[in-house]
Amino acid sequence: PILYSYFRSSCSWRVRIALALKGIAYNQVPVNLLKDGGQQHSAEYKTLNPMQQVPTLKIDGITISQSLAIIHYLEETQPNPRLLPQDLKKRAQVRMISDHIVSGIQPLQNVSVLERVGEKKMEWAQHYIKSGFQALEQILQHTAGRYCVGDEVSMADLCLVPQVFNAERYKVDLAPYPTIMRINKALLELEAFKVSHPARQPDTPAELRT
């Protein structure tokens with residue numbers, strides 16, 4: 001498999017976590033979203049991903065974009081360890097939380113969006129992260145165990161951690177979200193979340209490495 005990724009992309013990080021959890025070895029091709037006007041806009045990359053976004057995964061003879069579509073494919077072809085609970089109600093909760101983050105919060109901090117916002121991009125990002133986290137905190141108070149839904153790592157957790165990382169980047173006060181922060185801390189102790197972290201990628205700038 002070949003993963004086209006950007007070290008700080010939360011969408012790419014979700015997929016890197018899934019690949020790590022499932023023990024799938026892959027090669028990584030960096031796509032710098034800022035350099036040269038954005039390498040995702042190159043003609044070569046546009047043929048791979050017409051939306052000009054990351055991640056893109058080439059696997060099993062097909063090319064898949066959109067992080068949740070990739071994770072669903074990995075789940076269906078490599079079901080262990082599972083990222084979607086067997087219990088249908090819990091599965092619905094995992095999908096709800098995942099969509100809450102990937103549709104309701106994260107897209108509003110995309111590079112392309114913030115470029116259009118201009119000078120107020122920090123204020124913009126903070127507003128939408130806060131409003132999204134206020135709702136998410138309430139949801140998690142009903143669904144969480146050790147992780148987002150019960151005590152097993154799920155697709156929802158793969159979405160949560162990168163979004164908390166984004167919130168920290170945009171200097172959001174996270175004190176009002178104790179459930180989110182408790183879960184995030186527990187997840188960051190897991191090896192799959194550590195090896196996939198933006199600070200440990202092939203394209204991570206030297207000054208941001210840990």
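Any value given below was found using the heavy atoms of this structure, including those in side chains, with hydrogens, waters and symmetry copies removed. The shown structure was predicted, so the numbers you read here are calculated from the model rather than taken from an experiment.
- In terms of hydrophobic clustering, with Ile, Leu, Val, Met, Phe, Trp and Tyr side chains grouped at heavy-atom distances under 4.5 Å, L208 and V31 are assigned to a common cluster.
- In terms of heavy-atom proximity, C148 sits nearest to L140 at O-CD2, 3.7 Å.
- Heavy-atom minimum distance, N32 versus Q40: O-OE1, 3.6 Å.
- Scanning both residues, P55 and L3, for their nearest heavy atoms gives CB-CD1, 3.8 Å.
- Between the side chain of E137 and the backbone N or O of T179, at least one donor-acceptor pair lies under 3.5 Å.
- Atom CG of residue N184 and atom CD of residue E189 lie 10.0 Å apart, to the nearest 0.5 angstrom.
- At a threshold of 4.5 Å between side-chain heavy atoms, the hydrophobic network of Ile, Leu, Val, Met, Phe, Trp and Tyr places L108 and V117 in one connected group.
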Would S98 and L68 count as a side-chain contact (heavy atoms from CB on, under 4.5 Å) here? Give the steps.
CA-CA 8 Å; S98 300; L68 291 197; 4.2 Å; yes
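- Cluster membership check: V102 shares its hydrophobic cluster with L21, using side-chain heavy-atom separations under 4.5 Å among Ile, Leu, Val, Met, Phe, Trp and Tyr.
- Contact detail for R14 and S67: the closest heavy-atom pair is NH1-OG, 2.8 Å.
- By the 4.5 Å heavy-atom criterion applied to side chains, E152 and K90 are not counted as neighbours.
- Panel note: side chain K22, backbone P81; a donor-acceptor pair is recorded below 3.5 Å.
- Taking the side chain as every heavy atom from C-beta outward, Q93 and I139 never approach each other to under 4.5 Å.
- Looking at Q39, its side chain never comes within 3.5 Å of a backbone N or O of L34 through a donor-acceptor pair.
- For the pair I180 and Q163, the minimum side-chain heavy-atom distance is 4.5 Å or more.
- Screening I24, V195, I71 for a side chain to side chain contact (heavy atoms under 4.5 Å, CB included) with L19, the sole residue that qualifies is I24.
- The closest side-chain heavy-atom distance from P85 to V94 is below 4.5 Å.
- Rounding to the nearest 0.5 Å gives a distance of 15.0 Å between CD1 of I97 and OH of Y147.
- When hydrophobic clusters are built by joining Ile, Leu, Val, Met, Phe, Trp and Tyr residues whose side-chain heavy atoms come closer than 4.5 Å, directly or via intermediates, F193 is grouped together with L83.
- Q53 places no side-chain N or O within 3.5 Å of a backbone atom of N49 that could act as its donor or acceptor partner.
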For the pair I59 and I70, evaluate side-chain contact (heavy atoms from CB on, under 4.5 Å) and give the outcome as yes or no after the intermediate values.
CA-CA 10 Å; I59 188 171; I70 294 170; over 6 Å; no
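- Contact between I101 and C159 at its shortest, heavy atoms only, is CG2-O, 3.7 Å.
- One N or O on the side chain of H100 and one on the backbone of G132 form a donor-acceptor pair closer than 3.5 Å.
- Taking CE of M122 as the start and NE2 of H127 as the end, the distance is 15.5 Å to the nearest 0.5 Å.
- Across all their heavy atoms, P198 and T204 have their closest contact at O-OG1, 2.5 Å.
- Enclosure of atom NZ in K121 is not indicated, since only 12 or fewer non-hydrogen atoms of other residues, nucleotides or ligands lie within 6.0 angstrom.
- For H197, the ring-ring contact (aromatic ring centres under 6.0 Å, His included) criterion is met by W13, F165, not counting sequence neighbours.
- Put simply, the side chain of R95 never gets that close to the backbone of L84: no donor and acceptor are under 3.5 Å apart.
- Although no hydrogens or angles enter the test, the distance criterion places a donor-acceptor pair under 3.5 Å between the side chain of D87 and the main chain of K89.
- Each of V54 and I17 belongs to its own hydrophobic cluster when Ile, Leu, Val, Met, Phe, Trp and Tyr are linked at side-chain heavy-atom distances under 4.5 angstrom.
- Rounded to the nearest 0.5 angstrom, M155 CE and L74 CG are separated by 11.5 Å.
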Please walk me through it: do V164 and Y177 pass side-chain contact (heavy atoms from CB on, under 4.5 Å)?
CA-CA 10 Å; V164 173; Y177 318 113; over 6 Å; no
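- Taking the charged nitrogens against the carboxylate oxygens, R91 and E75 have no contact shorter than 4.0 Å, which rules out a salt bridge.
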Criterion side-chain contact (heavy atoms from CB on, under 4.5 Å) on Y170 and L114, from CA distance to verdict:
CA-CA 12 Å; Y170 290 111; L114 294 180; 3.1 Å; yes
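- In the displayed structure, E44 atom CD is contacted under 6.0 Å by at most 12 heavy atoms of other residues, nucleotides or ligands.
- Rounded to the nearest 0.5 angstrom, N27 CG and Y4 OH are separated by 10.0 Å.
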Please walk me through it: do Y45 and T56 pass side-chain hydrogen bond (donor to acceptor under 3.5 Å, both in side chains)?
CA-CA 10 Å; Y45 189 72; T56 302; 2.7 Å; yes
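- Atoms OG and CD, on S12 and Q28 in that order, are 8.0 Å from each other to the nearest 0.5 Å.
- Contact annotation: the side chain of Q201 never approaches that of Y6 to less than 4.5 Å [non-hydrogen atoms, C-beta and beyond].
- More than 12 non-hydrogen atoms from other residues, nucleotides or ligands lie less than 6.0 angstrom from CD of Q141.
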